[in-house]
Amino acid sequence: MDEVDVVVVGAGTGMLAAISAAEEGLSALVVEKAEHVGGSTALSGGGFWIPGNSILRENGQRDDPERVRTYLRAATRGEVTDERWHSHVDHGPAAVEVLRRRTPLAFQVMIEYADYFPELPGGSATGRACEPKPFDLKRLGEDRSLLLPPAMAAPFPMPITGRGYKWTNLVARTPRGFLTSARSVAQGVAGAAVGREYAAGGQALAAGLLMGLRAMGVPVWTSSPLTDLLVQDGRVVGVVVSRGGVPTTVRARKGVILSSGGFDRNAEMRHRYQSEAVDGSWSLGTTADTGEVIRIAEEHGADLAFMDAAWWFPSLPLPDGSMGPMLAERSLPGQIIVNGHGHRFMDEAVNYMTAGQIIVGKHTPDDPHIPAWIVFDQRYRNRYLFGAGLFPRQPLPQSWYDAGIAKKGATITALADALGMPDLLATVDRFNLLADAGRDDDFGRGDSAYDRYYGDPTISPNPCLGPIDHGPFYAVQVVPGDLGTCGGIRADRYARALHPDGSVIPGLYATGNAAGNAFGRVYPGPGATVGQGLTFGHVAAQHLAGRLG
């Protein structure tokens, strides 16, 4: 029987938990269900929302922890205990220090990327998020094949950071957009010419974490799903995994950290806890996230929290089964999102988690919002990237029309007829009136600093508003995709798993998407999902090492 101090289940942000434990002199083992490491972290943008960290300070950002607490208190609306998110504020910066000490990554501030509710007390319009700089994946050496590949392969080497994406999307609109895109292409192509493979975002973060594990001598067992917890006298003392199809028991002298992701791809759980209209096929998370770890923990007495929640992300359901995430598209002038009757129903530019909550929450058989439709004109198509795959002026693929996810009309009336939405003409007329006035009286699009971040700075007075009046006209389906579920095992400020009565399950911890969201049903800022995964992984390791609590 194998025995270590700490077992970490899941090789996403959980890798930092193992690194932090090893730094404290504890022996650690990471077990991963999939054949690759990285999990949904590797598929993410790789940014992390951890206010007050040293990267922000070194870049001249001054922040007051009490302002952050004021913001989170207002954003979370009392749905989660203060001590839970206090832990993120108090210990997140230390997690960033471990990341900087123990991985080869360099980091940058996501300049001007606002909090997702910047108008709330304590909110920031300049942002509190950081991300890895582009990183050469070839530095992984033999471990290169262990890294989970991105969901969408780029047509040519072009490491796009979150900071750069805002401007890359404006490649056809501003000199800065063109120069940012050119620099990304130049870095990717020049690197490839000398045998380097630059990547940004979650690919860079996961690669750096894996290198950090290796440097600390922490073993990683891939293709080793958790099948049970080992419990003795009410305490979790180890795990049972299927390693190469063979049941293998590993004892954990200190404890077990569950960092295995959510139940993104489990249709039964998503129907039971979320919506009959959502089955996981639209998720942008890893296919390995099927929720069995959450179920195992529940069988051993763990309470669950926020199971109706997900990191929603409106997306295009592409014909090949992949998803086209929609981020900047919803903030830009010349488009609206309508329901099945052709009516607007939200500020299209609102943060993606809130947008998804609205779509799911409003959907009924009599008033369908799944799918919704994004409606735009040729001018919009000529100006902006679309669906994470189409460059400006590039026609919508014929396969989209063949699959019924896209419609086209020479006039708005013709498009309305194609969609079966007689009210669409009045909706567009109303929106064009508001766009001409520069003020969205109906839903306030462009009022928030977050809305404006992804707007078009060449358009005034409102960079998010412009009429839909240059035919032909298009409509493309929008569904509530997600970056993963964020409901799971209820945990406390030290990431300890809790019984329904609030008592601690000794020896068991939960972090990342395996745990109930530390912010309740709210996404406070860009990278909050990765950020809390890093923070609470570090917190769990520190508690196991006797440094906290």
Side-chain angles (χ1 to χ4, degrees), residues 1-42 95 98-99 101-105 137-149 203 205-230 236-261 286 288 292-293 296 495 507-512 514 533-534 536-538 540-545:
M1 181 186 298
D2 294 280
E3 188 169 4
V4 293
D5 290 322
V6 181
V7 175
V8 178
V9 179
T13 55
M15 289 190 281
L16 188 73
I19 291 170
S20 188
E23 191 176 58
E24 292 294 336
L26 303 178
S27 60
L29 168 68
V30 177
V31 295
E32 167 59 46
K33 172 185 177 181
E35 63 179 308
H36 297 100
V37 304
S40 293
T41 299
V98 177
L99 194 63
R101 276 196 306 271
R102 296 298 182 176
T103 76
L105 297 169
L137 300 184
K138 291 294 181 67
R139 293 178 63 180
L140 288 168
E142 293 181 356
D143 281 340
R144 175 65 187 90
S145 61
L146 273 181
L147 183 66
L148 180 68
Q203 290 283 291
L205 181 59
L209 287 168
L210 178 56
M211 289 188 70
L213 280 182
R214 295 303 197 202
M216 298 295 288
V218 177
V220 182
W221 292 358
T222 54
S223 302
S224 299
L226 180 78
T227 59
D228 204 358
L229 294 171
L230 193 63
V236 174
V237 295
V239 299
V240 181
V241 300
S242 177
R243 191 180 187 200
V246 178
T248 303
T249 298
V250 182
R251 292 190 67 88
R253 289 182 289 266
K254 295 287 188 178
V256 173
I257 302 173
L258 302 179
S259 187
S260 53
T286 174
E292 63 271 16
V293 171
I296 289 169
L508 187 63
Y509 298 74
T511 70
L534 296 172
F536 284 99
H538 172 69
Q542 290 289 293
H543 189 267
L544 285 165

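FYI, side chains are in, hydrogens and waters are out, and symmetry mates aren't considered; it's all heavy atoms of this structure.
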Do Lys254 side-chain atoms and Gly507 backbone N/O form a donor-acceptor pair below 3.5 Å? no
What heavy-atom pair brings Ala207 and Leu137 nearest, and what distance separates the two atoms? CB-CD2, 3.6 Å
I'd like to know if the side chain of Glu32 and the backbone of Ala11 have a donor-acceptor N/O pair within less than 3.5 Å. yes
Approximate separation, where rounding is to 0.5 Å, of Trp221 CH2 and Asp2 CG: 4.0 Å
Quick one: closest heavy-atom pair of Pro247 and Gly245, and the distance? CD-O, 3.8 Å
What's the spacing between Thr511 OG1 and Phe536 CZ if we round to 0.5 Å? 9.5 Å
Please determine whether a side-chain nitrogen of the Lys or Arg among Arg253 and Asp5 lies less than 4.0 Å from a carboxylate oxygen of the Asp or Glu. yes
Could you walk me through whether Ile296 and Asp228 pass the side-chain contact (heavy atoms from CB on, under 4.5 Å) test, one step at a time? CA-CA 6 Å; Ile296 289 169; Asp228 204 358; 4.0 Å; yes
Correct closest heavy-atom pair for Val6 and Ala21 would be CG2-CB, 4.3 Å
Ala95 versus Leu16, closest heavy-atom pair with distance: O-CD2, 3.9 Å
Arg214/Asp143 ion pair, N-O < 4.0 Å: yes
Enumerate the salt bridge (charged side-chain N to carboxylate O under 4.0 Å, His left out) contacts for residues 9-23, please, sequence neighbours excluded, ordered by first and then second residue. Glu23-Arg101, Glu23-Arg102
Checking the side chain of Thr103 only, and the main-chain atoms of Leu99 only, is there a donor and an acceptor separated by less than 3.5 Å? yes
Yes or no on side-chain contact (heavy atoms from CB on, under 4.5 Å) for Val31 and Val8, after CA distance, side-chain angles and deciding distance? CA-CA 6 Å; Val31 295; Val8 178; over 6 Å; no
Gap between atom CE of Met216 and atom OG of Ser27 - 0.5 Å precision: 12.0 Å
When Val236 is tested against each of Val7, Val256, Leu258 for side chain to side chain contact (heavy atoms under 4.5 Å, CB included), which residue passes? Val256
What verdict does the side-chain contact (heavy atoms from CB on, under 4.5 Å) test give for Leu140 and Leu147, after you've listed the backbone C-alpha separation in whole Å, the side-chain angles of each residue and the deciding distance to 0.1 Å? CA-CA 9 Å; Leu140 288 168; Leu147 183 66; 4.3 Å; yes
Tell me whether Gln203 contacts the main-chain N or O of Leu148 through its side chain, where contact means a donor paired with an acceptor under 3.5 Å. yes
Nearest 0.5 angstrom please: His538 NE2 to Ser20 OG, how far? 4.5 Å
If every non-hydrogen atom of Pro219 is compared with every non-hydrogen atom of Gly217, which pair is closest and at what distance? CD-O, 3.4 Å
I'd like to know whether Leu229 forms a side-chain contact (heavy atoms from CB on, under 4.5 Å) with Val240, so could you lay out the CA-CA distance, the side-chain angles of the two residues, the decisive distance to 0.1 Å, and finally the verdict. CA-CA 6 Å; Leu229 294 171; Val240 181; over 6 Å; no
Of all heavy-atom pairs between Ala540 and Ala495, which one has the smallest distance, and what is that distance? CB-CB, 4.0 Å
Measure the spacing between CE of Met211 and CE of Met15 and express it to the nearest 0.5 Å. 12.0 Å
Can you check whether Arg144 reaches Arg139 side chain to side chain, under 4.5 Å on heavy atoms? no
Name every donor-acceptor pair, under 3.5 Å, that has one atom in a side chain of residues 34-41 and the other anywhere in the protein, sequence neighbours excluded.
{"unit_1": "Ser40", "atom_1": "OG", "unit_2": "Thr286", "atom_2": "N", "d": "3.1"}
{"unit_1": "Ser40", "atom_1": "OG", "unit_2": "Asp289", "atom_2": "OD2", "d": "3.2"}
{"unit_1": "Thr41", "atom_1": "OG1", "unit_2": "Thr13", "atom_2": "N", "d": "3.4"}

